[in-house]
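Please read the structure below before turning to the comments.
Heavy-atom basis, side chains included; hydrogens, waters and symmetry copies ignored. Chain A is the first sequence line, chain B the second, and so forth, proteins listed ahead of strands; every chain is numbered from 1.
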Number of protein chains: 2
Amino acid sequence: MATISDVARMAGVSTATASRALNGKSTVDPELAARVMTAARQLSYQPNGPARNLRRQEAAVLALIISDVENPFFTSIARGVEDVAHEVGYSVVLCNSDENAEKERRYIDVAIQERVAGVILSPTGESTTVDPLLARGTPMVTVDRPLTDRTSDTVLVATLESAREATAHLMAHGYRRIGCITGPSGVRTADDRLAGYREALRAAKHPSSARLVRRTEYREAGARRAMLDLFDQAEPPDAVLVANSAMAVGVLAALKELGLRPGADVGVVAFDETPWAALVDPPLSVVAQPAYEVGQAAARLLLSRIEDTDRAPTTTVLGARLIARGSSAGPVG
Amino acid sequence: MATISDVARMAGVSTATASRALNGKSTVDPELAARVMTAARQLSYQPNGPARNLRRQEAAVLALIISDVENPFFTSIARGVEDVAHEVGYSVVLCNSDENAEKERRYIDVAIQERVAGVILSPTGESTTVDPLLARGTPMVTVDRPLTDRTSDTVLVATLESAREATAHLMAHGYRRIGCITGPSGVRTADDRLAGYREALRAAKHPSSARLVRRTEYREAGARRAMLDLFDQAEPPDAVLVANSAMAVGVLAALKELGLRPGADVGVVAFDETPWAALVDPPLSVVAQPAYEVGQAAARLLLSRIEDTDRAPTTTVLGARLIARGSSAGPVG
DNA sequence: ACCTGTCGAGTAATCGTTTTCTCAGACGCT
DNA sequence: AGCGTCTGAGAAAACGATTACTCGACAGGT
């Protein structure tokens, strides 16, 4: 594989001049520069990244560590990050921590070893995993969930407020016993969605009970079991707030098994807009989170922190939007 | 940030010994090795990746270039690749070419520059984009779509056969005028699905007409328009074969707008199993592609090619499975 | 006692860039 | 003419790891 020395030799200049010509840095005689360029093209020279990064002591690469590649919310974030990063010549490498603190730790180590310029992550929970990043002063932005007892730039969605609004919406449409199916305790978004739900009930002096709440992993199977479990008791809910789209699938599947109709029999509002939400019968009411914008904001914050390391950490909160559809139109009878 | 010299100095040994101890390579006095290890831990030493890669002339990193991060088919592939790669200590970086030959070319350049150990990609079509990889002998595996006029290890799904089977299934259930909505001409999967559809019709001496076929980008909006267009003619189809899950959303949306019921009025079979396919009313019949297994197979092939560069290229074809549900149960009346 | 082989650790070369130094020559000003 | 000043290019020093080479010490065989 051709090196810069080969290019320099072919162009009849020193490697220093070749480097300068290729990077368009300092002033180089146009004639020499042209010779270098043609030589590079003829040898189809591609700079050696590791060598460059070693010398420069930094790589134009951002690491994005997300907790679930199969969750559309996170892939939308990824697109937002990518689009912003590419505009300014950064590459993005995407890592999937799978809600697993061990994998997260491992990817963080890789990011440090590869000396990436910065890291964006949705922390799985154990905030000590990010200590190595903080210790080294690697620029970092957390998305979706804040770090519990540490501090960094953060981009969040106003999830508590949205949960409150969605719950109020269910009450306003005539549902009386509203349940909530949310994610594991300790995951901030799960806790916030539950808190918003509780606040809304309290504000409306609505009956509330721990028996109407279920917590499970953020997945379809767990949500289905939770929903069946909610309906396996004396006084089941007549509506539920569901904390993400994978869970919504489980909940709708459970209702189908139970022979209950969303909306008419059981009101449903779920977090995350998906392509299919409008397609099911009746269409599913959702809280649409601005995932793409979260990604964009996170990338911009990270880039500006790379510029200026000791700016004070900021927190950005983006609003979500309730899209009311048939599944929360109100009970019949 | 601590370097290996710092570690060596603290442990009172040479950098060579420190390196040997840290990598567990050659024999090192256990006592010295222990001193190195503690020093490394105390300094929270992390090896400098670029330096290591520069010296070793290769990085334990695989690049995975997929054409759409938001398509569940490709994210499943990604998980398959990751799981296999991690077992043997490789990292995977995921790049999203967005069905865009320019972005694909760019990511291929990045992969070459970073001297990754190998590349897995789903080619957007213009097969010349991979020339730089072939020229440099970078190990490469293509997935989902073969290269048109070049050769490399390839992992495919038996998509033509599945399309034929799905079409036969629709005929067997009593549909007479079967249409097809597939992806852009030149994209191999789109062409193959169309070819399979045509073969099935021909084999059954079934009426066939160009007016029953629409080609569009692999997305929801295009498929919706295509479907509306199909039904805007004198003799619309009474069933359709749809080439992926995003398109299926568009097709179902169009049917909703037209007031037609899937299955009873218009039979529908779509490629790609999704969480929500069983949830819509009636449930959607699909061709389930073994995406995760495609990813696993691709990763294994790539790893073995990294071991042995001049093995002859192979092609692996995995079968898909038709899951019949309500949307192809047969017309009424 | 001497030679040989082995083992373990240090010295120094190396990977391919970028960048600091250095220096020669040109230029302009007095 | 003499003296800075400036420009542009080459020589060489980094960057931080791995590893080929070297060398001393020690063990064992003759």
Can I get a per-line list of side-chain donor-acceptor pairs under 3.5 Å for residues 290-300 of chain B, giving both atom names and the distance, sequence neighbours left out?
residue   : atom : partner  : partner atom : Å
Tyr292(B) : OH   : Asp83(B) : OD2          : 2.4

| message | Below 4.0 Å from chain A heavy atoms, what is the first contacting nucleotide of DNA chain C and what is the last? | response |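 Going 5' to 3' along DNA chain C, contacts run dG16(C) to dT20(C).
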| message | Please identify which of these residues, Val130(A), Leu147(A), Ile66(A), meets the side chain to side chain contact (heavy atoms under 4.5 Å, CB included) condition with Leu121(A). | response | Val130(A)
| said: Angle between the end axes of the helix from dA1(C)-dT30(D) to dT30(C)-dA1(D), five pairs per end, to the nearest 10 degrees? | reply: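 Roughly 50°, once rounded to the nearest ten degrees.
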| Under 4.0 Å: is that the gap between some side-chain N or O of Ser14(A) and OP1 or OP2 of dG10(D)? | yes
Applying side-chain hydrogen bond (donor to acceptor under 3.5 Å, both in side chains), can you list everything that pairs with [X], at least two apart in sequence or on another chain?
X: Ser14(A); result: Thr17(A)
X: Arg79(B); result: Asp98(A)
X: Asp131(A); result: Arg150(A)
X: Thr75(B); result: none

| said: Run the side chain to side chain contact (heavy atoms under 4.5 Å, CB included) test against Val110(B) and tell me which residues pass, sequence neighbours left out. | reply: Ser91(A), Glu114(B)
| So which pairs with a foot in residues 60-103 of chain B pass ring pair (Phe, Tyr, Trp, His ring centres under 6.0 Å), sequence neighbours left out? |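 Passing the test, one end in residues 60-103 of chain B: Tyr107(A)-His86(B).
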Under 3.5 Å donor-acceptor pairs involving side-chain atoms of residues 34-51 of chain B, not counting sequence neighbours:
residue  : atom : partner   : partner atom : Å
Arg35(B) : NE   : Ala11(B)  : O            : 2.9
Arg35(B) : NH1  : Glu31(B)  : OE1          : 3.2
Arg35(B) : NH2  : Ala11(B)  : O            : 2.9
Thr38(B) : OG1  : Ala34(B)  : O            : 2.7
Thr38(B) : OG1  : Arg35(B)  : O            : 3.0
Gln46(B) : OE1  : Gln113(A) : NE2          : 3.1
Gln46(B) : NE2  : Asp109(A) : OD1          : 2.9
Asn48(B) : OD1  : Ala51(B)  : N            : 3.0

| request: Quick one: list whatever passes salt bridge (charged side-chain N to carboxylate O under 4.0 Å, His left out) with Asp144(B), sequence neighbours left out. | output: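 For Asp144(B), no residue satisfies salt bridge (charged side-chain N to carboxylate O under 4.0 Å, His left out) once neighbours in sequence are set aside.
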| field | Summary of protein contacts for nucleotides 12-18 of chain D, nucleotide by nucleotide, where a base hit scores B, a sugar-phosphate-only hit scores S (4.0 Å, heavy atoms) | value | -BBBBBB
